[in-house]
Every structure is written in structure tokens, then in C-alpha cells.
**Student:** 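Below you'll find the structure I mean.
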Number of protein chains: 2
Amino acid sequence: MRTGNINRMQNLSKNQQIIFDLIDKSPEPLKAYAILFNVQKKGIKAPLQVYRALDKLVEIGKIHKIESRNAFIACHNSSCQVSKATAFSICEICEKVTEISSVGLSKYLANFKDKDGMKYNKYNLEFFGLCKKCR
Amino acid sequence: MRTGNINRMQNLSKNQQIIFDLIDKSPEPLKAYAILFNVQKKGIKAPLQVYRALDKLVEIGKIHKIESRNAFIACHNSSCQVSKATAFSICEICEKVTEISSVGLSKYLANFKDKDGMKYNKYNLEFFGLCKKCR
DNA sequence: AACATTATGTAATAATATAACATTAACAAG
DNA sequence: CTTGTTAATGTTATATTATTACATAATGTT
Ligand SMILES: [Zn+2]
Ligand SMILES: [Zn+2]
Ligand SMILES: [Zn+2]
Ligand SMILES: [Zn+2]
């Protein structure tokens, strides 16, 4: 592996870093336009700049999109082989979102075969319920 | 169970029926504005009329929303205890979507406990891969 | 009949996301 | 170091998805 590739794996671009930092320190999932509002003082002025950074961050597994909420959270499975095999719990009252990292669950889903015997190494699972505080 | 309730369970309203019929006979998931375009000749003129019908149809389990695609498909698990426990396979090339009805999978997910011992009877799982035709 | 609930109609607007095009930065190869 | 290539950025405009607000009508219940 060459230097350039290592850098690309380790170093985010300026916009990517700004937006990742914001998402990473947020206690809750952030929506694209909330992000835009927050980073305008740092010179990121247009939706597209945000969406491009988000796309890249999702692609490299630094963040995940919560599809049912159109919002983004940082990945805390530092190893993150799971960037394409994600599971979350979502509180239907306070909207708290937690990434689930269960070896059993991920193994079960990675080995799951549909009726045609097809396996899938990419999936997204969202559980809904009430968090500790809300139940 | 009283008559009113039975009617509510069996009979869709006019707009609901029109929109359900369209989705039910579609071979692919339909998006809200594609639905709107298709039903304008039947007098449904505004997005809100479509979204209201969609909300209701989702609520009663006649259709499901494919969250990653913002599109809707009819449920073909006629029994449909699973309207809040859904699983789909999605082809990343042709966008074909198939509802998965696997007793094993649904049991596994309904019995899954997170780190806090919490169980969830509501979930949505989307698998991504290539369908038979596309691989 | 009176009341409550569900569904509808309509206009306006909010929220989410992408297209198109120009420019600049990073970087690999010769 | 310059040439070709890819990744990232900047900017404007626009497309797509979804909701608010308010008025009316249909349906179901007592
Ligand atoms: Zn993760
Ligand atoms: Zn909660
Ligand atoms: Zn179903
Ligand atoms: Zn396919």
C-alpha cells in the first residue's frame, strides 16, 4: 500500500473533516440542513457541499445514514468492517439512536439466505421502540 | 368486534383504494409523486391527498415504505402481522424489491436483545445485493 | 339529531436532495 | 517539473419529497 492511499484513508478533506467533527460530537443524529446551518460560519455555504461530504463519509464508513429519519450519525465501531452492514435502535419518543454492534446479529444477517439461497453482505436494520429513559 | 371496526378493517376509502390498487398492481415500488401523476385523472390532484392515503395504508399494513428509496410497495404477506416487522431485498442495479417473509428471520429479530436486554417488535430490514437477473 | 371521528379538498410552503458547470487541489507517472 | 488524472470545491439553479394550515364533507356512534 502506497503513501497516497494511506493518506486518503486517514485524512479527510477540509469540508469532510468539518462535517465529520460536527456529526461526531453531536449526541443525536443530524440532518443535512441542520449541518449546513452549523457550518456556514466555517465557509460551507451550499447544500451540495454538505451532501458531497456526507456521501463520502458514508462511503468510507465514518458516518451512517439513518434512513427512516434522513439523518446522520458517526460510526463508533472503530474497526468498522460494518459500514455496509448496519443496525440501529431508534427511540420513537425521544428519537435517540444507538448503533448496535452485535457479533451474533451481524453473523446471523450475513449468513441469512433468502428463498433463492441468496446471501447479502450489505444491509441496514432499524429497530424501533422506547429507550431506557422513555419507557 | 363491532361492525364499524370490521368495515374500517375491510373497506378502504375512495382515495385509499385508488392508490392501493395502483401500488398493488405495480411490479416495482412507486414513489409518491409518480403515484400522484398516475391518479390525477381520477381526481386526486394534490400531494397531500397522496401522502394521507399512503400514511393510512402503511399504518394498516397494506403497503410498506422502502425507506432507502422513498418508495412504496404492496404487502403480499396477506396475513400481515408483520406490518411493523418488515424485511426486503433490494437489487442495487435494477432496483427490484422483494419482501422477505422468513419465519426464521422474523423470529430471530423479534427475539433479538440489545446490550440492555431490550427487545423490539418493530423493525425494518433492507438487504442490498444483486437480483437473479442482474448477477 | 347530536356528537365524534375519519376522510377530503386546496393552497402554500418546508425540507430533502441533485443537476450542471466552472475551478482548484492532490497526486501519480514519466 | 510538467503532464495527465482523479478527487474535491464553489456556485447557481432546480428537482424531489413531505408537511402546515385551514375549510369542508362523509362516516360512524350514541
Ligand atoms: Zn458503524
Ligand atoms: Zn427515548
Ligand atoms: Zn408485508
Ligand atoms: Zn436486478
Side-chain angles (χ1 to χ4, degrees), chain A residues 1-23 28-73 95, chain B residues 1-23 28-73 95:
Chain A
M1 187 171 295
R2 298 197 297 289
T3 314
N5 287 333
I6 288 170
N7 281 338
R8 268 206 290 276
M9 287 170 68
Q10 292 181 337
N11 299 126
L12 300 176
S13 76
K14 178 170 136 281
N15 289 2
Q16 289 161 14
Q17 189 70 55
I18 289 168
I19 287 172
F20 175 71
D21 287 345
L22 182 69
I23 295 171
E28 64 203 4
L30 293 178
K31 298 188 156 222
Y33 278 71
I35 292 167
L36 176 58
F37 181 79
N38 265 281
V39 297
Q40 275 176 332
K41 51 188 173 257
K42 299 199 173 163
I44 296 175
K45 294 174 185 168
L48 189 50
Q49 294 174 289
V50 173
Y51 280 105
R52 283 197 286 222
L54 290 173
D55 285 350
K56 188 69 181 184
L57 291 167
V58 166
E59 182 192 327
I60 65 181
K62 300 281 286 181
I63 66 173
H64 302 301
K65 183 173 187 180
I66 309 302
E67 292 287 356
S68 66
R69 299 299 186 264
N70 298 319
F72 299 85
I73 64 170
E95 294 293 326
Chain B
M1 185 170 296
R2 298 197 295 291
T3 315
N5 287 333
I6 287 172
N7 282 339
R8 267 205 289 280
M9 288 168 67
Q10 292 181 337
N11 298 127
L12 300 176
S13 76
K14 178 171 136 278
N15 288 1
Q16 289 159 16
Q17 189 69 57
I18 290 169
I19 286 171
F20 175 72
D21 287 344
L22 182 67
I23 295 170
E28 63 202 8
L30 293 178
K31 298 188 156 222
Y33 278 72
I35 293 166
L36 175 58
F37 180 80
N38 266 281
V39 296
Q40 275 177 331
K41 50 188 172 260
K42 299 200 172 161
I44 297 175
K45 294 174 186 168
L48 188 51
Q49 294 174 289
V50 172
Y51 281 105
R52 283 197 286 223
L54 290 173
D55 285 350
K56 188 67 181 185
L57 291 167
V58 167
E59 182 193 328
I60 64 182
K62 299 281 287 181
I63 65 172
H64 303 301
K65 183 174 187 180
I66 309 301
E67 292 287 355
S68 66
R69 299 299 187 264
N70 298 319
F72 300 84
I73 64 170
E95 295 292 326

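Residue numbers begin at 1 in each chain, while the letters A, B, ... track the order of the sequences.
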**Student:** Rounded at 0.5 Å granularity, tell me how far CG in B/L57 sits from CD in B/Q17.
**Tutor:**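 CD of B/Q17 is found 8.5 Å from CG of B/L57.
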**Student:** In this structure, how many angstroms lie between the P atom of C/dA7 and the CG atom of B/L12, rounded?
**Tutor:**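 Spelled out: CG on B/L12 to P on C/dA7 is 9 Å.
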**Student:** Report the C-alpha separation of B/Q16 and B/I60 in whole Å, then their side-chain angles, then the decisive distance to 0.1 Å, and conclude whether the side-chain contact (heavy atoms from CB on, under 4.5 Å) test is met.
**Tutor:** CA-CA 11 Å; B/Q16 289 159 16; B/I60 64 182; 5.6 Å; no
**Student:** Between D/dT9 atom C1' and A/L36 atom CG, what is the distance in whole Å?
**Tutor:**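 Computing the A/L36:CG to D/dT9:C1' distance gives 15 Å.
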**Student:** If I take atom CD in residue B/E67 and atom P in nucleotide D/dT17, what distance separates them, rounded to the nearest angstrom?
**Tutor:**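 Atom-to-atom, B/E67 to D/dT17, this comes out as 13 Å.
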**Student:** What is the minimum heavy-atom distance between B/V50 and B/A32, and which atoms define it?
**Tutor:**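 Smallest interatomic distance, heavy atoms only, reads CG1-O, 3.7 Å.
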**Student:** Under 4.0 Å from OP1 or OP2 of C/dT6: is there any side-chain N or O of B/K56 that close?
**Tutor:**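 Answer is no, no contact under 4.0 Å.
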**Student:** Donor-acceptor pairs are to be reported for all side-chain atoms of residues 35-48 of chain A against protein atoms at under 3.5 Å, with residues two or more places apart or in another chain.
**Tutor:**
unit_1	atom_1	unit_2	atom_2	d
A/N38	ND2	A/A34	O	3.1
A/K41	NZ	A/N38	O	3.2

**Student:** Respond yes when some side-chain nitrogen or oxygen of A/S13 is under 4.0 Å from OP1 or OP2 of D/dT9, and no when none is.
**Tutor:**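 Answer is yes, contact under 4.0 Å.
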**Student:** Whole Å only: how far is the CD atom of B/Q17 from the P atom of C/dA7?
**Tutor:**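 It is 13 Å, rounded to the nearest whole Å.
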**Student:** What's the spacing between A/D55 CG and A/K65 NZ if we round to 0.5 Å?
**Tutor:**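 Answer rounded to 0.5 Å: 8.5 Å.
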**Student:** To the nearest angstrom, how far is B/I35 atom CD1 from D/dT17 atom C1'?
**Tutor:**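 That distance rounds to 12 Å.
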**Student:** For a quick check, with a 4.0 angstrom heavy-atom cut-off, what is the B/S/- contact string for nucleotides 9-18 of chain C, read 5' to 3'?
**Tutor:** BBB----BBB
**Student:** Using whole Å, what does the distance between atom P of nucleotide D/dA26 and atom CD of B/Q16 come to?
**Tutor:**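 These atoms are roughly 16 Å apart.
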**Student:** To the nearest 0.5 angstrom, please state how far the CD1 atom of A/I66 sits from the CG atom of A/L30.
**Tutor:**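 If I round to the nearest 0.5 Å, the distance is 11.0 Å.
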**Student:** Per the end-axis method with five pairs at each terminus, what is the bend angle of the helix from C/dA1-D/dT30 to C/dG30-D/dC1, to 10°?
**Tutor:**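 Result, rounded to 10 degrees: 50°.
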**Student:** Quick one: CD1 on B/I63 to NZ on B/K56, what's the gap to the nearest 0.5 Å?
**Tutor:**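 So the CD1 of B/I63 and the NZ of B/K56 are separated by 12.5 Å.
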**Student:** So how far is it from B/E67 CD to A/N70 CG, rounded to the nearest 0.5 Å?
**Tutor:**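 Answer for the CD-CG pair, B/E67 versus A/N70, is 8.0 Å.
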**Student:** In whole Å, I'd like the distance from the CD1 atom of B/I60 to the P atom of C/dT6.
**Tutor:**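 My rounded result for the distance is 13 Å.
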**Student:** Could you state the CD1-C1' distance from A/I18 to D/dG10, rounded to the nearest angstrom?
**Tutor:**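 Result: 14 Å.
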**Student:** Dump the intermediate steps for side-chain contact (heavy atoms from CB on, under 4.5 Å) on A/I19 and A/I23, then the final yes or no.
**Tutor:** CA-CA 6 Å; A/I19 287 172; A/I23 295 171; 3.9 Å; yes
